2 protein chains.
Amino acid sequence: MAGSKGVQGRQAEIMHAAAQLFNDRGFHETSMEDVAAAVGIKKPSLYHHVKSKAQIVGWIHDECVRTVLPPLMGYLEEDIPASEVLRRVAMDIFGLLDSHPGYLRVYFENHRDLDARSKTRITKKRDEYYDAVRRTLQRGNESGELVVENPNLAAMAFFGMCNWGYQWYQADGPESAAEVGEYVWSIYTAGVLAPGTSRLLDGAATAAAVQSA
Amino acid sequence: MAGSKGVQGRQAEIMHAAAQLFNDRGFHETSMEDVAAAVGIKKPSLYHHVKSKAQIVGWIHDECVRTVLPPLMGYLEEDIPASEVLRRVAMDIFGLLDSHPGYLRVYFENHRDLDARSKTRITKKRDEYYDAVRRTLQRGNESGELVVENPNLAAMAFFGMCNWGYQWYQADGPESAAEVGEYVWSIYTAGVLAPGTSRLLDGAATAAAVQSA
DNA sequence: ACGGACCGACCGACCGGTCGGATCGCTGAC
DNA sequence: GTCAGCGATCCGACCGGTCGGTCGGTCCGT
């Protein structure tokens, strides 16, 4: 149901314009008249293509999920290290920020503006995505590849690094999405501490373990 | 100006109730009548204590900045390793999530609902905070304590880990704010990769570097 | 009597959404 | 060739409702 091909044609155009506006001005500060104007028509005409404002939000959410969830499910079936899965996830998320500017802000900040049915559907998908990453971390820990004491918190930390991009990543910035994804992933896996510095340092004892060229 | 002591008394009560409501229902879905009801009065009475809805948002923003910026400025004047500064920043941010539930959501999602004057004031403070962390990373890199190729991206990754907490951290969750802050910091500094695994690994070659109790 | 806290009633603006009708491009019968 | 018919697209005008904010006045402690 809901068509696995996603929104197309004029509706896709509307979705795209709306995502830009919602991102730039905010969802509630953007009227349906603004959205209509952005695609060159008037409000009543817009309602010929769209059932409600909430429906547009639903499209945007679906587009986000459609873009990143199936790839992740594919990675899980390949026989690759957990860290490689994480790397691809990071790349996918920044790739989404790059190819769909504005979409992730709507996804993260306007979940409650979905109609009830879409909300449960999207929430389920969101949990699937979250769970897949958590299980990946758990698997990495069990195989000895990773050290993950708390897969739940570790997943949140990972998503934080990636998802926070919606607050600062600019598609026309100095770094490409792939570069950013790769860099963020490298910090998550290897940390920023210079090699040779003790892994188990507590705050007070840190002052001693400083220099190592 | 604006009083360095922050909002107090009845106004603080209003600010607190509003932050909760804005967090739970959303800013635009919360009417001034709702805020008034939350403190046990009617809307016209609320306007006896408050100039506008935007003013409440301003209070909440100021409260966030007031809570975390001065401490960070203090850390910079102490002679401690960069990683220790980062650790304290992480603790401060999760501490804020703990002591001021809802505030950070308003801070991150309702910046544009500030009046023009507050917006410039808060933006400046936000940039100060960001810059302090970036400079800390740079200093850590120069001293050899850290390996930070891109301080700007590294700062964003760090803030991502911490700030994203507003999306998931619950004050009544299983882990305390201090535990979460410490854990997130440990991932950021040391990474999740098991020690012994090559730092410069590409995805395919990782599978070999596995066990180490 | 004075000021701080409070409230019922109200206003203007805006916004999501609707209605009835106009226009346009295509199809097919003749 | 042309023209009736039709569905898709478009729009001016309008509605119901909500919300931020105001006004005039009451109540109460001092």
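Order of the sequence lines sets the chain letters (A, B, ...), proteins ahead of strands, with each chain counted from 1. Please read all numbers here as calculations on a predicted model, not as lab measurements.
Shown here are the ring-ring contact (aromatic ring centres under 6.0 Å, His included) partners of A/Y183, two or more places apart in sequence or in another chain: there are none. For the ring-ring contact (aromatic ring centres under 6.0 Å, His included) test, residues two or more places apart in sequence or in another chain that qualify with A/Y166 are A/F108.
A heavy atom lying under 4.0 Å from DNA chain C marks the following residues of residues 34-42 of chain B, by number: B/I41, B/K42. A heavy atom closer than 4.0 Å to some atom of DNA chain D occurs in no member of residues 18-28 of chain B.
Taking atom OH of A/Y47 as the reference point, atom C1' of C/dG20 lies 18 Å away to the nearest angstrom.
For B/K119, the NZ atom is densely surrounded, since the number of other residues' heavy atoms within 6.0 Å is greater than 12.
In terms of heavy atoms, B/E182 sits closest to B/M91 at N-SD, 3.8 Å.
For the pair A/R87 and A/Y188, the cation does not sit on the ring face, since its NZ or CZ is not both under 6.0 Å from the ring centre and inside 45° of the axis. Annotation: cation-pi pair B/K53/B/F27 present, NZ/CZ under 6.0 Å from the ring centroid and within 45° of its normal. Annotation: cation-pi geometry not satisfied between B/R134 and B/F159 (NZ/CZ under 6.0 angstrom from ring centroid, within 45° of ring axis).
When only modelled atom types and interatomic distance are considered, B/H61 and B/Y103 share no side-chain donor-acceptor pair under 3.5 Å. A/D62 and A/Y107 form no side-chain donor-acceptor contact under 3.5 Å, judged by distance and modelled atom types alone.
In summary, contact between chain A and DNA chain D, defined as any nucleotide atom under 4.0 Å from a heavy atom of the protein, begins and ends at D/dA8 to D/dA13 in the 5' to 3' direction.
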Validation: residues 171-180 of chain B side-chain donor-acceptor distances under 3.5 Å, sequence neighbours left out:
residue : atom : partner : partner atom : Å
B/E175  : OE2  : A/N150  : ND2          : 2.9
B/S176  : OG   : B/E179  : N            : 3.1
B/E179  : OE1  : B/S176  : N            : 3.0

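An OP1 or OP2 oxygen of C/dG4 is reached within less than 4.0 angstrom by no side-chain nitrogen or oxygen of B/H49.
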